[in-house]
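Reminder, nothing fancy here: chain letters follow the sequence lines and each chain counts from 1. Given the structure is predicted, the values throughout are model-derived calculations rather than measurements.
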Number of protein chains: 2
Amino acid sequence: MTKETTGTDTAAPIQKKRKVTVVEVAEAAGVSVSAVSRAFNPDASISRPLREKVFKAAASLNYKPNRLARGIKSRSSLVGILMTDFNNPFYLPILSRFTTEIQKRNCHSLLIHVDGDMDIQEAVELVMEYNVDGLIITSASLPQELVDACHSQNTPAVIFGRDSSENSVTVVSCDNVLAGNMAADMLLDAGYTKPAFVAGPIGTSATIDRQRGFISRLMERGCNQWQVVEGGEFSYDAGYDATLRIFQHTEKPDALFYADDIMACGGMDALRYELGLSVPEDIGVVGVDDIRLAKSRSYNLSTIRQPNEQMIQSTIDALFEHIADPHLPPQSITLPCEAVVRGSTQKTRT
Amino acid sequence: MTKETTGTDTAAPIQKKRKVTVVEVAEAAGVSVSAVSRAFNPDASISRPLREKVFKAAASLNYKPNRLARGIKSRSSLVGILMTDFNNPFYLPILSRFTTEIQKRNCHSLLIHVDGDMDIQEAVELVMEYNVDGLIITSASLPQELVDACHSQNTPAVIFGRDSSENSVTVVSCDNVLAGNMAADMLLDAGYTKPAFVAGPIGTSATIDRQRGFISRLMERGCNQWQVVEGGEFSYDAGYDATLRIFQHTEKPDALFYADDIMACGGMDALRYELGLSVPEDIGVVGVDDIRLAKSRSYNLSTIRQPNEQMIQSTIDALFEHIADPHLPPQSITLPCEAVVRGSTQKTRT
DNA sequence: CTGAAAGCGCTTACAG
DNA sequence: CTGAAAGCGCTTACAG
């Protein structure tokens, strides 16, 4: 019934709730605006009594500093998060942890979705328009242009990647070559002899490294009947389709190492429901990531687990260290991964 | 080798790359700063030739407006996204679409993770410190305090919820009572006679509505042997555990309606691998959401699909309409959902 | 349509 | 440690 009170001629213009400013707090506390500003700045030189006086006045007026106005001369308290892989469920908990950690440090997250259309250089520049204090880049692929873009702005940036061997910007990743080694060992140890690698997105360093580690270990151990198959994106469907394609070949593998768990799940469903094969009896399967589904009874997937928690923590720590001291040289942090043996490779040795 | 150039006594302080400002652009273009400002403001009154002159100078200097400085008097171009359900994969694509749509409109997303520790009032106030132009709240639960918090600030806000029947703030949701009706029909039509509802998080309006719709339809159709079980959070594990609990009762159901697909997946695994039951022969299963996994061969889950794309689009449209015209009255948009019949309810009628 | 000037809310040398 | 004043980069009445 009160629905139409707006829209009449007499409607008062909606006024943004007047925000309390430093000036008003200063008046209420009987101090200068400088004092108010300092009170809200953790490492400004101000006496304890003065700060408390300011706080009291601020609280009574319900004053909140305007972060935008602050950011113009000082820190914005904004951390940019650039993400590309919004279709991989792997990244939701990671995003969750990032925002939580950023908020703990009294900063906030500017989330930028970098998709195909928008080039990365552009995205990085854009985020700079907000004067972000730092930048986290989460991307399975790590194009050089991205690294350059970070470097050209001199804003602290850390790449939460799956890559390493970059030295002009800080990157934290896990050892993907090692992951490949482990996958090879798991399969060979279980008695499989003709493994294939199902690759992820082309140009993705993680995929490349995993493949390298996988193949080199196979060869080291005298296994020469391997093959590599294009996979496509990190997705259930990509794993499914790639698997069907493999079995049109004349050389059929007896084990599959997927670049990713979600691909492995798609692949297992294709194996079982389309191709009528049993896992692990007819064919062994290994993935990477240890997503929640991997340990479900439906998949029971052997996988290589990345030290997620540590990677996240290192990323955040490194970022804030660099924000605190911009002189710090970039570092490259590579963490080890861990093999998780489950049912999908539990073939009894023949 | 150049690694240690920093850190010596002579190290020049790292200077933030000097940003080009309006003043410099104005000089280069031979116009006033007002002109520069107007050129970058879509609906300012400025002649085409002047604007072009400014753009040319700006481009040659690689000028980008400082959004923080702009936001202090005008729009911040920031849209706050408040999220609580970071453990449900359902929300990743939604978040993806939100940020994409926001970016299309030349705005950016301030992502706030609202977790248990932090109360919502606080989160809303916080986001206001950034002068956000608008606010999207994504939450399965919709506590009154949240609605109040939005209302008290007068910033356009829309709740992407699973709720309705709120009229002081705009909310878009799907018809969860209808979802419950549909689930009841699917199960009854397939010949099941003793269904149970596995609830989601307590106090979540979506769960409550689904349950209401489910039960009322069952009773309408003369089915009185139903029961309701507490589920817990929307997660694989919660569905798994709840299912095991149900079967300790004396009254065993022959069909289960889970508040959520991810719970249903956990539940199906418990049924099949822990309880030795066949789906759909021994027991029918229905979920809600139609997540990617639902149509996988491993689950082949009947479900109720929400009109996600439309809900997202409506949310964004409503938000930007309200930003453009703050006088618009809040609206409540409820969209219909759709039944997706798959294998998990394909029991032949007995 | 255009420009000169005041102002947004906060920070930071500069004196004391 | 504290305050008066200048300044951050942009916007917006106010005149013309």
Side-chain angles (χ1 to χ4, degrees), chain A residues 13 15-55 57-58 61-78 106 125 128-133, chain B residues 13 15-55 57-58 61-78 106 125 128-133:
Chain A
Q15 44 197 17
K16 287 274 186 187
K17 192 190 223 171
R18 276 260 311 105
K19 295 258 176 75
V20 182
T21 75
V22 268
V23 177
E24 294 162 68
V25 177
E27 279 168 2
V31 302
S32 72
V33 293
S34 324
V36 178
S37 173
R38 291 194 185 101
F40 282 92
N41 233 285
D43 32 43
S45 64
I46 183 174
S47 67
R48 178 190 288 266
L50 218 202
R51 171 168 273 150
E52 274 164 8
K53 186 151 60 162
V54 171
F55 277 179
L61 294 173
N62 193 26
Y63 166 76
K64 309 272 179 194
N66 178 328
R67 304 242 187 184
L68 256 28
R70 165 180 294 183
I72 197 178
K73 291 210 72 167
S74 171
R75 298 255 162 89
S76 64
S77 307
L78 245 26
N106 198 25
E125 277 178 9
M128 293 305 159
E129 297 177 21
Y130 285 100
N131 263 5
V132 295
D133 295 341
Chain B
Q15 44 196 18
K16 287 275 188 186
K17 192 191 225 171
R18 275 261 310 106
K19 294 258 177 75
V20 182
T21 74
V22 269
V23 176
E24 295 161 68
V25 177
E27 280 167 0
V31 302
S32 70
V33 293
S34 323
V36 178
S37 172
R38 291 193 184 103
F40 282 91
N41 233 287
D43 32 43
S45 64
I46 184 175
S47 67
R48 177 190 289 265
L50 217 204
R51 172 168 272 150
E52 274 165 7
K53 187 151 59 159
V54 171
F55 277 179
L61 294 173
N62 194 26
Y63 167 77
K64 308 273 181 193
N66 179 327
R67 303 240 187 185
L68 255 29
R70 165 180 293 183
I72 197 177
K73 291 210 73 167
S74 168
R75 298 256 161 90
S76 64
S77 308
L78 245 26
N106 197 26
E125 277 179 8
M128 293 303 160
E129 296 176 23
Y130 285 101
N131 264 5
V132 296
D133 296 340

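In this model, no side-chain donor or acceptor of A/Arg67 finds a partner on the base of C/dG9 within 3.5 Å.
At whole-Å resolution of the value, CZ in A/Arg70 and C1' in D/dG9 are 18 Å apart. When rounded to the nearest whole Å, the span between CD of B/Glu52 and P of C/dC1 equals 14 Å. The CG atom of B/Asn66 sits 13 Å away from the C1' atom of C/dC8 (whole-angstrom rounding). Spacing between atom CD of B/Glu24 and atom C1' of D/dG9 amounts to 11 Å, rounded to whole angstrom units. Taking atom OH of residue A/Tyr130 and atom P of nucleotide D/dG9, one finds them 18 Å apart after rounding to whole Å. If you measure from atom CE of B/Met128 to atom P of C/dG9, you get 17 Å, rounded to the nearest angstrom. Separating the CZ atom of A/Phe40 from the P atom of C/dC10 is a distance of 9 Å, rounded to the nearest angstrom. When rounded to the nearest whole Å, the span between NZ of A/Lys73 and P of C/dA13 equals 7 Å.
Under 4.0 angstrom from either OP1 or OP2 of C/dG3 there lies no side-chain N or O belonging to B/Ser34. At least one side-chain nitrogen or oxygen of A/Tyr63 sits closer than 4.0 Å to the OP1 or OP2 atom of C/dC10. Regarding contacts with the backbone of C/dG9, every side-chain N or O of A/Thr21 stays at 4.0 angstrom or more from both OP1 and OP2. Taking 4.0 angstrom as the limit, A/Ser74 places none of its side-chain polar atoms (N or O) nearer than this to OP1 or OP2 of D/dC8. Listed pair B/Ser47 / C/dC1 fails the phosphate criterion, with no side-chain N or O lying under 4.0 Å from OP1 or OP2.
Here the side chains of A/Thr21 and A/Asn66 are not in contact, with every heavy-atom distance at 4.5 Å or above.
Between B/Arg38 and B/Lys64, the residue anchored nearer the 5' end of DNA chain D, judged by the nucleotide with its closest heavy atom, is B/Lys64. Mapping A/Asn41 and B/Ala44 onto DNA chain C via the closest heavy atom, the residue that lands nearer the 5' end is B/Ala44.
Candidate nucleotides C/dC10, D/dT11, C/dT2 were compared by shortest atom distance to the side chain of A/Ala69, and C/dC10 ranks first. The A/Ile72 side chain lies nearest to C/dG9 when the options are C/dT11, D/dT2, C/dG9.
Residue contacts for A/Leu50: at a heavy-atom cut-off of 4.0 Å it reaches the sugar-phosphate backbone alone, with no base atom in range. B/Ser45 comes within contact range of at least one nucleobase, with a heavy-atom separation under 4.0 Å.
C/dT2: Watson-Crick or G-U partner is D/dA15, with both key distances under 3.5 Å.
Taken from CE in A/Met128 to NZ in B/Lys19, the straight-line distance is 7.5 Å, to the nearest 0.5 Å.
With both ends at atom C1', the span from D/dG16 to D/dT12 equals 16 Å, rounded to whole Å.
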